[in-house]
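Order of the sequence lines sets the chain letters (A, B, ...), proteins ahead of strands, with each chain counted from 1.
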Amino acid sequence: MIAGRAVRVRFAPSPTGSLHIGGAKTALFNWLFAHGEARRQGLTGTFILRVEDTDRNRLVPGAEEGLRDALRWLGLIWDEGPDVGGPAEPYRQSERTETYLAAAEDLIAGGHAYRCYCTRDRLERVRTEQQARGEAPGYDRHCRALPPEERAAQEAAGLPSVVRFATPRDGETVVRDMIRGPITYQNVNLEDLVLLKSDGYPTYHLANVVDDHEMDISHIMRGDEWIPTAPVHTLLYAALGWEMPAIAHLPLILAPGGGKLSKRHGSTAVEEFRTQGYLPEALLNYLALLGWSFDASTELFPPERLLESFTLARVSPSPATFDYAKLRWFNQQYINHVISVDDLAGRVLPFLSGAGLVPDGPADASHPAFGQVRELSALLKDRLETLADAPEHMRFFLVDELDPYDPALLVPKKVEPLDALAALEAAGTALAGADLADEAGTEVKMRALADELGLKAGQLFMAIRVATTGRTQSPGLFATLRAIGPERVGERMARAVDALRRHGDEVVGADD
RNA sequence: GCCCCUAUAGUCUAGCGGCCCAGGACGUCACCCUUUCAAGGUGAAGAUCGCGGGUUCGAAUCCCGCUGGGGGUACCA
């Protein structure tokens, strides 16, 4: 499948913002190809991070750092890159400008490129005229055939210029995409793309070709949106006399309503998913299955399993719609069934401290509240879809005093407020004398009490649940009571009795 | 407009000529379990395999056209 040589792939984002979920997917597939598929075949598989910062206008300070943080959080660790270095340094394009310049000069010398002195105004004018005439917009190659003396005059005038690729005017170019097979282009339809901008920085077209060659990239795996420029890149390799890496265009992620995924639909940045309590494993798993499948039924692929299973051959060519609901399901699967309770507790801690429910501290077993949070994690893991759900679910265990009760909730359906009051008083007394650590024993006692009071067990349990948690939903009542602890259970039962005594009359007739 | 990619249920997908009047998953609905909420279990609804032509004894699977969706058309990547 893979040619028998070292596999070197790269993820090449530009530092113009945070890591987009689509970029994360591209990075993931590159990483899986190098660290998974290639290495499984006994080849060296190298995953390279290259920063494409050639657009000086769109540069965002700190973006590169953010990109790296996001990749690291996902566990997509690169072997070579701007921070770790490597045999092909530097890995930041802004630090490689001489290389591009040299390549551009080579191309000009070989007749494959030319300097273009057209102003933006002229380009603009040409475009509008073309459109008015119903022609395809594009550069009219005005400077391609400039007479030598005119060219010399432009040079002498010291006007700013760009370098354009002299695209062959006839013939056809075939791009052999590993996922979709050959794609044939008529060269007439191809443009004389700008290679070097007037500020001296290269465009993507030049930089990516030069760098992929210099960095000995074996396989280009990039987003689908690059397909239209692939023939020009192919021609560039030929003009430079270089062998082109194998190439694959990965399917794009679409928004639920169609089109590009944007803020309007929900989160799009990896960082947002992180703060919303998604696990990197779940995000990776979901992303992997957006365009790749292993067989007809396997869904759960933790990172190690992805590395064992991924093959480029099973990547689909068609774009896929992002489904937030399914991502949530994956996240829940990991929280509920995949990661350990200790692991979960560690991951939940930052969210709890963020909500002020536990002190700040290390997100591991050395945190002073770890023991308690671990216990709560075991109790609640089946109920968490995201880590960010934890504060809400764990709040009543961690806080000293509950918010004021809604007295109506303390009165079970079809029970008179006065009877409910009596029941709560009796339950409070019984619980005070019970060993809450003995969940089964407590349950036996409470069931007996319900009988005595002429209530269904569920009715009594709900009243106690509301009294001790302030909510109508909780884990199993007796595990909950145990986790709350005898002291707080006692206080809360007393407060509930008090609340019902003071407001009970307001509840009369309100429950049916 | 032009160039290109793509097309199985609302969504992600399996399928690479007969095993498919199409399998799995999310979502939806019902039931079971049950002290609530979850989790779990069982089941149901949901696809004339976008449409129309071919090829073939036989097509979701191969070919052509159309249509829908998407991308590109910058001195942005």
Polar atom pairs (N or O), protein with nucleotides 64-74 of chain B, under 3.5 Å:
| from | atom 1 | to | atom 2 | distance (Å) |
| --- | --- | --- | --- | --- |
| B:rU73 | O2' | A:E191 | OE2 | 3.3 |

Exercise for the section: Heavy atoms under 4.0 Å is the rule here; annotate nucleotides 30-41 of chain B 5' to 3' with B where the base is hit, S where only the sugar-phosphate is, and - elsewhere. Expected result: -----BBBBSS-
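Atom P of B:rU61 sits at a distance of 16 Å from the matching atom of B:rA22, rounded to the whole Å. Nucleotides B:rC20 and B:rC12 are separated by 25 Å at their P atoms, to the nearest Å. B:rA59 and B:rC21: their C1' atoms are spaced 14 Å apart (whole Å). Between B:rC51 and B:rU67, the distance separating the two C1' atoms is 7 Å to the nearest Å. Comparing the same atom, P, in B:rC63 and in B:rC16 gives a spacing of 16 Å after rounding to whole Å. Comparing the C1' positions of B:rU8 and B:rG23 gives an interatomic distance of 11 Å, to the nearest angstrom.
Set against B:rG27, B:rA77, B:rA14, the side chain of A:A325 has B:rG27 as its closest nucleotide. For A:T321, whose side chain is taken as the heavy atoms from C-beta onward, the closest listed nucleotide among B:rU11, B:rC75, B:rG15 is B:rU11. For A:T203, the side-chain atoms get nearest to B:rC76 when compared with the rest of B:rG24, B:rA14, B:rC76.
A search for side chain to side chain donor-acceptor pair (under 3.5 Å) contacts involving A:R305 returns nothing, not counting sequence neighbours. The side chain to side chain donor-acceptor pair (under 3.5 Å) search around A:Q276 returns A:S267, not counting sequence neighbours. The ring-ring contact (aromatic ring centres under 6.0 Å, His included) test applied to A:F11 returns no partner, not counting sequence neighbours. In this view, A:N187 and A:T173 satisfy the side chain to side chain donor-acceptor pair (under 3.5 Å) rule, not counting sequence neighbours. Take A:R264 and apply the side-chain contact (heavy atoms from CB on, under 4.5 Å) test, not counting sequence neighbours, and it matches A:S262.
Using a cutoff of 4.0 Å between basic side-chain nitrogens and carboxylate oxygens, A:R347 and A:D343 are scored as salt-bridged. We find that A:R58 and A:D55 are joined by a salt bridge, their nearest charged nitrogen and carboxylate oxygen being less than 4.0 Å apart. Of the charged side-chain nitrogens involved, none lies within less than 4.0 Å of a carboxylate oxygen, so that A:D199 and A:R56 do not count as a salt-bridged pair.
The stretch residues 261-269 of chain A has no heavy atom under 4.0 Å from RNA chain B, so no residue of it qualifies as close. Within residues 282-289 of chain A, the residues approaching RNA chain B are A:L289, by heavy-atom distance under 4.0 Å. The stretch residues 11-25 of chain A comes close to RNA chain B through A:S14, each having a heavy atom under 4.0 Å from the strand. Contacts with RNA chain B (heavy atom under 4.0 Å) in residues 54-68 of chain A: A:T54, A:D55, A:R58, listed by number.
Contacts of A:R314 with the nucleic acid, taken as non-hydrogen atoms under 4.0 Å apart, involve only primed sugar atoms and P, OP1 or OP2. Looking at heavy-atom distances under 4.0 Å, A:S198 makes contact with a base.
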Side-chain donor-acceptor pairs of residues 97-105 of chain A under 3.5 Å, sequence neighbours excluded:
| from | atom 1 | to | atom 2 | distance (Å) |
| --- | --- | --- | --- | --- |
| A:T99 | OG1 | A:R96 | O | 3.2 |
| A:Y100 | OH | A:D211 | OD1 | 3.0 |
| A:Y100 | OH | A:D211 | OD2 | 2.7 |

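Of all nucleotides present, only B:rU73 satisfies the Watson-Crick or G-U wobble test against B:rG1, with each distance under 3.5 Å.
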